[in-house]
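As the structure is a prediction and not an experimental result, all values here were calculated from the model. Remember, it's 1-based here, ligands and their atoms both numbered in the order they're listed. In this chain, residues are counted from 1 in sequence order.
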Amino acid sequence: MNDNLDADRATFVTHLECSLTGEHYEADRLHNLSRAGRPLLVRYDLAAVAAALPRDTLERRATDLWRWRELLPVRRTEDVVSLGEIETPLVPVRASGGAHVLVKDEGRLPTGSFKARGLVMAVAMAKELGVTRIAMPTNGNAGAALAAYAARCGIETIVFCPEDTPEVNVREIAMQGARVWRVNGLIDDCGAIVGKGAAEGRWFDFSTLKEPYRIEGKKTMGLELVAQLGWRVPDAIFYPTGGGTGLIGMWKAFDELERMGWIGAKRPRMYAVQAAGCAPIVRAFEAGEEHAERWEDAHTVAAGIRVPRAVGDFLILRAVRESGGKALAVGDPAILAAVDECARRDGLLLCPEGGATLAAYRQALRSGEVDEEEQVVLFNCATGLKYPMPPADRTLDRHGDIDFDAL
Ligand SMILES: *Cc1c(COP(=O)(O)O)cnc(C)c1O
């Protein structure tokens, strides 16, 4: 029985901390960025969590996202607006990837993408802290997840998308009750509008990493992955990196699990995967920079990672470097070929961003960056069903002569 949401479980949040300066901020208050203009990280009393939550207690719970409640910020269960955040499967892709390649298929989550993890948490906290109006810039999936969870608890949402955001995303956002606007610009141009309105007190700014709780939701990818692998980390993780919430979140999760004594010091090599047409993190990584400059004229079929500038750039770069990984760019043709091959040979329909991780993995294999014996996890961040597919338009006249040999 799933009682993860029946009981009010204690939360162990002690405070929030500026990710750049370490300055402390009070928990249970509304925050956006720190005074230094950087993301805030939630801190917990991890010794108390470890004492309160023996690992076998956790293992007896249902496997959904809420089993991690003691490592999450929501205090009151009544503030959780859940759509059923299940544990996502690790699917082997032997033919298109290799014998030791697993895809964590995040397309199974509510609203069809891993944005649900971050937004279920951020909306719960917004509800807990009395927010009634939220605005967000989005390339699509984040807006859809926000709209869905906010609709369930009566929070008003205003969403701004680049005008060429995939049609299905714009429509699902509208259908789930948000007011959605197509903007003639990129996601950071949309973010500027949200910031301006927030400064005027019109709404609460829900941009990536500009509120502290999306990272906490996204970090469950790391917690879940480690539990699924029997309290081990894989050798390498390939993560499609836009704002980098998931990569930063997983890195935080591994750190918290080690502090609780649930895993050792080994870390996976973290590969931040970007599209060649929008690769600010890759450029900064290769130049040895700590921050990434805005990428001009960003373009790629992988809309979810078309993010010219990330406020958490230094956190992404730090995690990648500390892990011994790299930031890698792949071109659109390689992305589309990987999606195609995975569908044809392994029967798994990836989103383009997921395809980017497979393409980057294969590139890393060729260059000797990874070994085919290593255990690798690729993130498929959204269901492939949301994206345009090549036409399939063969027709058959049931009244005519059917040439069965030709079928
Ligand atoms: C948001 C998104 C990404 C990027 O995730 P971040 O954690 O923000 O870097 C990748 N792919 C898809 C499909 C997305 O919706």
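Between S113 and ligand 1, a contact under 3.5 Å exists for no N or O pair. For the pair T208 and ligand 1, the shortest N or O to N or O distance does not fall below 3.5 Å. Inclusion of L247 in the set of residues having an N or O under 3.5 Å from an N or O of ligand 1 is not warranted. For the pair E353 and ligand 1, the shortest N or O to N or O distance does not fall below 3.5 Å. Of the polar atoms of Y387, none of the N or O atoms is found under 3.5 Å from an N or O of ligand 1, judged by distance alone. Checked by distance only, ligand 1 and C381 stay at 3.5 Å or farther apart across all their nitrogen or oxygen atoms. Below 3.5 Å of separation, one finds an N or O of G242 facing an N or O of ligand 1.
Contact atoms of ligand 1 toward G246: 7 (O) (distance under 4.0 Å to a heavy atom of the residue). Residue-ligand proximity, T241 to ligand 1, at heavy-atom distances under 4.0 Å covers atoms 9 (O). Near T245, meaning under 4.0 Å from any of its heavy atoms, are these atoms of ligand 1: 6 (P), 7 (O), 8 (O), 9 (O). Set against the non-hydrogen atoms of K218, the atoms of ligand 1 under 4.0 Å away are 5 (O), 6 (P), 7 (O). Listed by number with element, the atoms of ligand 1 under 4.0 Å from a non-hydrogen atom of G244 are 6 (P), 7 (O), 8 (O), 9 (O). Taking a cut-off of under 4.0 Å to the non-hydrogen atoms of P240, the atoms of ligand 1 that pass are 4 (C), 5 (O), 9 (O), 10 (C).
Remark: minimum distance from atom 7 (O) of ligand 1 to any protein heavy atom is reached at Y239 OH, 2.5 Å. Atom 14 (C) of ligand 1 has as its closest protein heavy atom K115 NZ, 2.9 Å.
Salt-bridge check for E59 with R61: failed, with every basic side-chain N at 4.0 Å or more from each acidic carboxylate O. The pair R117-E224 meets the salt-bridge criterion, with a side-chain N (NZ, NE, NH1 or NH2) lying under 4.0 Å from an Asp/Glu carboxylate O.
Using a 4.5 Å cut-off on side-chain heavy atoms (C-beta onward), L16 and L41 make no contact. Proximity of K219 to M250: side-chain heavy atoms (C-beta onward) are nowhere separated by under 4.5 Å.
In this structure, a donor-acceptor pair under 3.5 Å is absent between the side chains of R179 and T157.
For K326 and F285, the positive end is not near the middle of the six-membered ring at less than 6.0 Å and at most 45° from its axis.
Judged as a side-chain contact (heavy atoms from CB on, under 4.5 Å), and not counting sequence neighbours, the contacts of A116 are L109, P110, T111, Y149.
Of all heavy-atom pairs spanning R108 and V91, the tightest one is NH2-CG2, 3.9 Å. Residues A292 and I281 come closest through the heavy atom pair CB-CD1, 4.1 Å.
Residue contacts with ligand 1 include I305, since one of its heavy atoms falls under 4.0 Å from the ligand. No heavy atom of A142 sits closer than 4.0 Å to any atom of ligand 1. A heavy-atom separation below 4.0 Å is not found between F379 and ligand 1.
Below 30°, between 30° and 60°, or above 60°: for H15 and H24 the angle between ring planes is below 30°, a parallel geometry. Between Y361 and F238, the two ring planes are perpendicular [angle over 60°; tilted spans 30° to 60°].
Within the 4.0 Å heavy-atom criterion, the part of N141 lying near ligand 1 is the side chain and not the backbone.
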Candidate pair L358 and L350, rule side chain to side chain contact (heavy atoms under 4.5 Å, CB included), full reasoning | CA-CA 9 Å; L358 177 56; L350 303 174; 4.2 Å; yes
